[in-house]
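Below, chains carry the letters A, B, ... as their sequence lines are ordered, and counting in each starts from 1.
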Amino acid sequence: MFEYFPGNSLLHKLDVRTKTIGFLVLTLLSFIFKSPLVNLFFTFLSVILALYSGISIRSIIGKLKPLLTVFIFIILLTGFSYSPTWFKTPVAQQVFLSISDTIFLTLGGFLFGISLLLRIITMVITTSVLIYSTPLDDFLQFLQKMSMPYQMAFVLTTAIRFVPTMEEKTNAILDAQRARGTQIGKGKFFQRIRTFVPVVIPMLVIAVRMSENLAVGMLNRGYGARFKVTPLKEIQLAGLDYMLIGIFLIIISLGIYLSRLGFGTL
Amino acid sequence: MSLKQVSIQNVTYSYPEQETPALKDISLSVNSGEVLAIMGPTGAGKTTLALLLNGLIPQFYEGRYVGNVTINGLSTNSHSIQDLVEHIGLVLQDPETQIFGITVFEDTAFGPSNLGYPREKIFSEVEEALSRVRLSGFEDRLTSTLSGGEKQRLAIAGVLAMQPEILVLDEPTSELDSFGRVEIIDAVQHLRSRHQTTVILIDHEVESVIELADRVAVIIDGKVAWLGDPRELFRNARLTKEFSIRPPKMFNLWQGLADAGLVHEKEEMLTVDNAEAVLREIMRGKKFLPQPGINPKVEEETRHPIIEIDGLCHTYPTGVEALSGVSCSIRQGELIAVIGQNGAGKSTLVKHLNGLLQPSSGSIKVKGVDTRSASVHELAHQIGYVFQNPDHQIFSMTVEDELRYGLKNLGLSEADHEARLTEALEFVGLQDQRDRHPFSLGKGERQKVAVASILAIAPPVICIDEPTTGLDWTEKIQMMELIQKVHQKGHTVIMITHDMDLVAEYAQRVLLVSQGEILLDDTPSRIFSEADLLRKSHIIPPAVSQLAERLGDLDCPGTICTISQMMDAITTLLRVS
């Protein structure tokens, strides 16, 4: 899934706040413009960022693949759910196919569906870029700077850190039960629920035991010894960060202005 | 600094809702700079003792506690755990729940930053701690990509970065392969000789204890049953038997030699070094006789192949190629050991047999049926799989129900259930535990429940993954005897293991897996004579094989890998001359 990967790219060096603002700006922009062309540009931009930070095309495709049916559903749904009057441009108002007086497939709806799809893709990719290039510790400090208590921020980030571990345990349990002939999720409704019991119980037992061991592990490492914990790296905005944040703000204002003028609408 | 760094005085402790105390009026002290080993059967109270040392008992674990523990003069009753961590560092068995950072650097820095050290000091402490466990240069590595041995060393570094003078290690090597174990021993050796760190080491492995410990304390039933020089303990067969400690392999050899009247009482023979010297003395320059070919492969060809693997490759979705072109056939009634370093592909290989994994290319046929055309459910009738951790499968309220579950799943006729249950439980010796809750049993017994739950299904092939991990010597022997009994009953047994002594002693055939391929497929004797290939695959051969290799200049056959083979070779030689 999403995981931090140490590296030396510019993205790795930027402050977590700069990256978060950039992420928000890109997300906002893709929501402002309805045109698929503009959104395609944003997707393209995010792919370039991903490649630059060292994420492979293969892993991006791997992340998007499970969403394929959702994507097709979105395009179909939007294609049928907007009437021509909803759109401003004549191109988008074209009707492909009318089934009845109230249900028709508009080109605009279809295009808007594609835009929605591209928005999702852009967000998935930029989220991975953000997480891929930012250590958890940075997020931890960011949350603290936004005056979230350290303990709460720690719990949050540790939970993320242990997702892969729990995944591994779940697979081990699934394997062990399947080897004894369990057919998970098979049968009628109640039977199906019952097939999960042999997986859920060992999971709970292991989770409880693990959480106790974790608590011990934390105490062994002096967790809670001092009121103030030394951050490993004080997050600090450098000149480049200020510059980029400035640029991001200009871009978002420009974006809002352009969309007011009617650029990128459907 | 006072001489006695750790002092436990008359501590009695019972866990909450437990009648019998886990520690009974225990007193023990550890001197500055010494390595104290703690041994004893599982459930004797060793881990409880470790939890006592930095105040986790009584501060984190409740229960009834009396007595006093002082660390560098600080009482654990009145100083918080987090204050004590700067004096005593505790590393527990499972590195997984002791690693908090994404990178090695972040993780090592977790302790010192909790203690609020200034940042410059954190950097220097982390550097120092990593170099002490020989992980310098690993700073930016992701903790999730480390090997078992590296993870355990990282856990030690994380504790060392808080500069404790005392280090407590609770079975640091029990989950590791032999190579990982050597890594940890080296790291502890280094700490002791270079940094005079006081170490308290809980370990089942006699060889580690001989190498490291100044003193050993044997804990039985929550009490110190014996305390003194480890060599004295291991030389005393009566004591090791009483404490269910495995005597060193070389001591067993010494006993054989003594029974044959070849050695004197005084001679010490606990390590391979000792044994080499003693044997050279006995041989007085004589050479070993050439051995007739051992275990020729005759009858094998006539036996019917039950599993055929052909050009098996497996690539995980992450892109990691775990198996690259494995071919072999397994015949009915064989007892096969699959060996190899952690991550070599052993489990990946075996998980293909019952269809838990499907080949990326190549094929596996079980009794002529391609595993791709059968479900895991169907294959479960043919191939039983006992996993390493019994707790990944146990979910029932009684042992009996746990066994019944598999029978129901596979739709075996209800009328048979009773007979199958009784037979399987009697076979593993759990007939009296039938109505007990599985979690109220010890680890060794839970492992037996897992084996019984597969035996009840009676598949012709049984795969067992690491059956002896975390068991003490008595439990280990019981488990291996059980496996041998299963084999003699006619089952084909495939076992994955790190324990080379067990492989030498019990296996008929060994598959050495290295980097996704079967590097060697032969008898244990011949496998263990391939010293160079083993080294390349990070396998440390059994002590007897190491001895045989060292005596190579005396023409000692490299195929000798068990005590009885060595004794035979020596006695024939001496009889002839």
Exercise for the section: With a 4.5 Å cut-off on heavy-atom pairs, point out which of B/Ile81, B/Leu56, B/Leu356 contacts chain A the most. Expected result: B/Leu356
Completion exercise
Under 4.5 Å to a heavy atom of chain A? For B/Glu402 that would be both
Exercise for the section: Would you check if A/Glu212 and B/Phe60 make a side-chain contact, meaning some heavy-atom pair closer than 4.5 Å? Expected result: yes
Exercise for the section: Give the ring-plane orientation class for A/Phe154 versus B/Phe110, where under 30° counts as parallel, over 60° as perpendicular and anything between as tilted. Expected result: parallel
Problem - Option that, when pairs with chain A are counted at under 4.5 Å, heavy atom only, ranks first among B/Ala109, B/Cys463, B/Gly158, B/Gly406 - result: B/Gly158
Exercise for the section: Decide salt bridge (charged side-chain N to carboxylate O under 4.0 Å, His left out) for B/Asp107 and A/Arg221; before the verdict, give the C-alpha distance in whole Å, the side-chain angles of both, and the deciding distance to 0.1 Å. Expected result: CA-CA 10 Å; B/Asp107 186 66; A/Arg221 304 286 286 280; 3.6 Å; yes
Handout entry: More than 12 heavy atoms from other groups under 6.0 Å of CG on A/Asn171
Key = yes
Exercise for the section: Grab the two heavy atoms, one from B/Tyr385 and one from A/Ala179, that are nearest each other, plus how far apart they are. Expected result: CB-CB, 3.9 Å
Practice task
Can you tell which part of A/Ile206 gets under 4.5 Å to a heavy atom of chain B, answering side chain, backbone, both or neither?
Solution key: side chain
Exercise for the section: Decide if atom OH of B/Tyr316 counts as having more than 12 heavy atoms of other residues, nucleotides or ligands within a radius under 6.0 Å. Expected result: yes
Handout entry: Contact class of B/Ser80 relative to chain A, heavy atoms under 4.5 angstrom
Key = neither
Exercise for the section: Count the heavy atoms of every other residue, nucleotide or ligand shown that sit under 6.0 Å from CE of B/Met397, and state whether that count exceeds 12. Expected result: no
Handout entry: Which portion of B/Ser144 sits near chain A, non-hydrogen atoms under 4.5 angstrom
Key = side chain
Exercise for the section: Count the heavy atoms belonging to other residues, nucleotides or ligands that lie under 6.0 Å from NZ of B/Lys408, then report whether that count exceeds 12. Expected result: no
Practice task
Quick one: do B/His392 and A/Lys169 satisfy side chain to side chain contact (heavy atoms under 4.5 Å, CB included)? Show the steps, please.
Solution key: CA-CA 8 Å; B/His392 286 163; A/Lys169 298 268 180 208; 4.1 Å; yes
Handout entry: Part of B/Glu86 lying under 4.5 Å from any heavy atom of chain A
Key = side chain
Completion exercise
Bottom line for B/Thr108: the part with an atom under 4.5 Å from chain A's heavy atoms is backbone
Exercise for the section: Answer yes or no: are there more than 12 heavy-atom neighbours, outside B/Phe439 itself, under 6.0 Å from its atom CZ? Expected result: yes
Practice task
Could you tell me whether a side-chain N or O of B/Gln82 sits under 3.5 Å from a main-chain N or O of A/Leu219, the two making a donor and an acceptor?
Solution key: no
Completion exercise
Closest non-hydrogen contact found for A/Thr230 with B/Pro118 is CG2-C, 4.4 Å
Handout entry: Heavy-atom proximity to chain A below 4.5 Å, by part of B/Phe100
Key = both
Exercise for the section: Under 4.5 Å, counting heavy-atom pairs only, tell me which of A/Thr165, A/Thr158, A/Val205, A/Val216 racks up the most with chain B. Expected result: A/Val216
Handout entry: Under 4.5 Å from a heavy atom of chain A, the part of B/Leu90 involved
Key = both
Exercise for the section: Over all heavy atoms of both residues, which pair between A/Gly181 and B/Ala380 is shortest? Give the atoms and the distance, please. Expected result: N-CB, 4.1 Å
Practice task
Examine whether an atom of A/Met218 lies under 4.5 Å from a heavy atom of chain B, and if so say whether it belongs to the side chain, the backbone or both; otherwise answer neither.
Solution key: both
Fill in the blank from the handout: Applying a strict 4.5 Å limit to non-hydrogen atoms, the region of A/Thr182 in contact with chain B is both
Completion exercise
So, the part of B/Ile394 with a heavy atom under 4.5 Å from chain A: the answer is backbone
Problem - Considering all heavy atoms, the nearest B/Phe387-A/Ala176 contact - result: CE1-CA, 3.4 Å
Handout entry: B/Glu106 to A/Pro135 - nearest heavy-atom pair and separation
Key = OE2-CB, 3.7 Å
Completion exercise
Assert top hit (heavy-atom pairs under 4.5 Å, partner chain A, pool B/Leu142, B/Leu379, B/Thr143, B/Asp465) equals B/Leu142
Fill in the blank from the handout: Whatever's closer than 4.5 Å to a heavy atom in chain A on B/Ile99 counts as both
Handout entry: Atom CZ of A/Arg194 with >12 non-hydrogen neighbours under 6.0 angstrom
Key = no
Problem - B/Asn54 side chain to A/Asn220 backbone, donor-acceptor under 3.5 Å - result: no
Fill in the blank from the handout: Pair count under 4.5 Å, heavy atoms only, with chain A: among B/Gly411, B/Ser113, B/Gly111, B/Gly101, highest is B/Ser113
Fill in the blank from the handout: Heavy-atom closest pair (A/Ala225 atom, B/Leu115 atom, distance to 0.1 Å) is CB-CD2, 3.6 Å
Problem - Structural part of B/Ile102 lying under 4.5 Å from a heavy atom of chain A - result: side chain
Handout entry: Side chain / backbone / both / neither for B/Lys351 at chain A, heavy atoms under 4.5 Å
Key = side chain
Practice task
Count the heavy atoms of every other residue, nucleotide or ligand shown that sit under 6.0 Å from CD of B/Gln358, and state whether that count exceeds 12.
Solution key: yes
